[in-house]
Amino acid sequence: MDTSSKIIEASIIVFTKNGYLGSSTKEIAKTADVAEMTLFRKFGSKQNLFEEMIKSTLGHELSDVLDINFDLSIKDFIKKLFHNRLTSISKNIGLIRMIIQESIQGRIPDNLNYISQISKKIKEVLNKYQKTHNVNSDLSLDIVISGVLLQYAILSPEINYHKLTELKQKEYINNLISQIKI
């Protein structure tokens, strides 16, 4: 593993544990087993490292939202969308919770605010689906889906979605879908 990757992995651990303000570059460097000066040479500042950590860890997650088959029924499409997002959130739950907290406190630039970016992507993908299928919906599905995902990220520590069996994942999603009443 290269030095930058080691520092980013260490920053995930430290930022997730302590938040942005509670983390120091000294602690991140120690966790990465590098000199603090190496951290500054690679990233310039704690803020730059924080932003790079978010980009490298969650950046691909935003584009993955668009990788869902548009030939599905609306119900199956939303099931896939839920599965896609719940898997991502579940795998990165600590980091995402920290990002939510830091976003609320205004320490994350809009272009890196995972929550607002994912909401925008969900709206974009649902609009694309509706245009593809010439469907108009009175229900603001993007808001509902984003709300359900945010609720999961904040309130569901006991459910590790990505570790559930396929059958349990389907049951969980079917329960969500039944509450939305598509």
Side-chain angles (χ1 to χ4, degrees), residues 1-68 80-125 142 145-166 168-169 172:
M1 180 182 303
D2 72 348
T3 304
S4 294
S5 297
K6 282 175 54 176
I7 294 169
I8 287 174
E9 281 201 15
S11 72
I12 292 168
I13 293 165
V14 175
F15 284 132
T16 299
K17 178 179 155 195
N18 303 329
Y20 181 79
L21 288 180
S23 298
S24 70
T25 54
K26 185 176 184 173
E27 182 179 4
I28 294 167
K30 182 179 177 185
T31 303
D33 196 27
V34 299
E36 189 176 17
M37 187 46 100
T38 302
L39 183 150
F40 284 111
R41 270 197 303 272
K42 296 283 184 182
F43 296 97
S45 69
K46 178 176 150 181
Q47 180 68 28
N48 289 346
L49 172 58
F50 184 72
E51 291 178 12
E52 188 57 39
M53 180 229 13
I54 293 171
K55 284 179 197 172
S56 68
T57 307
L58 299 175
H60 69 282
E61 300 289 342
L62 295 174
S63 59
D64 288 352
V65 175
L66 300 174
D67 292 340
I68 299 173
K80 290 282 188 189
L81 183 59
F82 269 133
H83 175 72
N84 175 294
R85 296 297 82 211
L86 288 169
T87 300
S88 172
I89 292 169
S90 180
K91 286 180 178 178
N92 299 290
I93 194 75
L95 181 60
I96 289 173
R97 284 184 178 149
M98 183 273 302
I99 290 170
I100 291 168
Q101 180 181 11
E102 297 299 321
S103 296
I104 291 168
Q105 296 176 15
R107 289 193 280 267
I108 295 181
D110 285 343
N111 66 321
L112 296 178
N113 183 328
Y114 180 79
I115 305 309
S116 88
Q117 291 298 317
I118 203 66
S119 294
K120 287 177 189 174
K121 287 292 184 181
I122 288 170
K123 184 174 187 142
E124 181 183 328
V125 78
D142 59 309
I145 291 170
S146 296
V148 168
L149 295 173
L150 186 58
Q151 179 182 4
Y152 174 83
I154 295 171
L155 300 175
S156 296
E158 72 283 352
I159 300 171
N160 288 316
Y161 179 84
H162 72 286
K163 292 182 179 179
L164 295 175
T165 65
E166 189 176 328
K168 291 289 185 190
Q169 287 178 345
Y172 188 81

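Counting from 1, the numbers follow the sequence of the chain as shown.
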Gap between atom [atom2] of [Y] and atom [atom1] of [X] - 0.5 Å precision:
{"X": "Asn18", "Y": "Ile13", "atom1": "CG", "atom2": "CD1", "result": "11.5 Å"}
{"X": "Thr25", "Y": "Gln47", "atom1": "OG1", "atom2": "CD", "result": "13.0 Å"}
{"X": "Asn160", "Y": "Lys168", "atom1": "CG", "atom2": "NZ", "result": "14.5 Å"}
{"X": "Leu39", "Y": "Ile7", "atom1": "CG", "atom2": "CD1", "result": "5.0 Å"}
{"X": "Leu95", "Y": "Thr57", "atom1": "CG", "atom2": "OG1", "result": "5.5 Å"}

Judged by atom type as modelled, is there a donor-acceptor pair below 3.5 Å linking the side chain of [X] to the main-chain atoms of [Y]?
{"X": "Ser11", "Y": "Met53", "answer": "no"}
{"X": "Glu36", "Y": "Lys26", "answer": "yes"}
{"X": "Lys46", "Y": "Phe40", "answer": "no"}
{"X": "Tyr161", "Y": "Ser88", "answer": "no"}
{"X": "Arg85", "Y": "Leu149", "answer": "no"}
{"X": "Ser23", "Y": "Gly19", "answer": "yes"}
{"X": "Thr31", "Y": "Ala10", "answer": "no"}

Lys17: salt bridge (charged side-chain N to carboxylate O under 4.0 Å, His left out) partners, not counting sequence neighbours: Glu27
- prompt: Does the pair Thr87 and Lys91 meet the rule for a side-chain contact (heavy atoms from CB on, under 4.5 Å), with working shown?
  reply: CA-CA 6 Å; Thr87 300; Lys91 286 180 178 178; 3.7 Å; yes
message: Can a side-chain donor-acceptor contact be found between Tyr20 and Gln101 if the only test is distance below 3.5 angstrom?
response: no
Quick one: does [X]'s side chain get under 4.5 Å of [Y]'s, heavy atoms only?
{"X": "Ile99", "Y": "Phe15", "result": "no"}
{"X": "Lys121", "Y": "Val125", "result": "no"}
{"X": "Glu102", "Y": "Phe50", "result": "yes"}

Could I get the full list of side-chain hydrogen bond (donor to acceptor under 3.5 Å, both in side chains) partners for [X], not counting sequence neighbours?
{"X": "Gln151", "value": "none"}
{"X": "Ser146", "value": "Ser119"}
{"X": "Thr38", "value": "Arg41"}

- prompt: Who are the side chain to side chain contact (heavy atoms under 4.5 Å, CB included) partners of Ser4, not counting sequence neighbours?
  reply: Asp2, Lys42, Phe43
- prompt: What pairs with Leu150 under side chain to side chain contact (heavy atoms under 4.5 Å, CB included), at least two apart in sequence or on another chain?
  reply: Ile100, Ile115, Ile154
- prompt: More than 12 heavy atoms of other residues, nucleotides or ligands under 6.0 Å from NZ of Lys6: is that the case?
  reply: yes
query: Picking from Leu49, Ile54, Thr3, Ile28, what satisfies side chain to side chain contact (heavy atoms under 4.5 Å, CB included) with Ile8?
result: Leu49
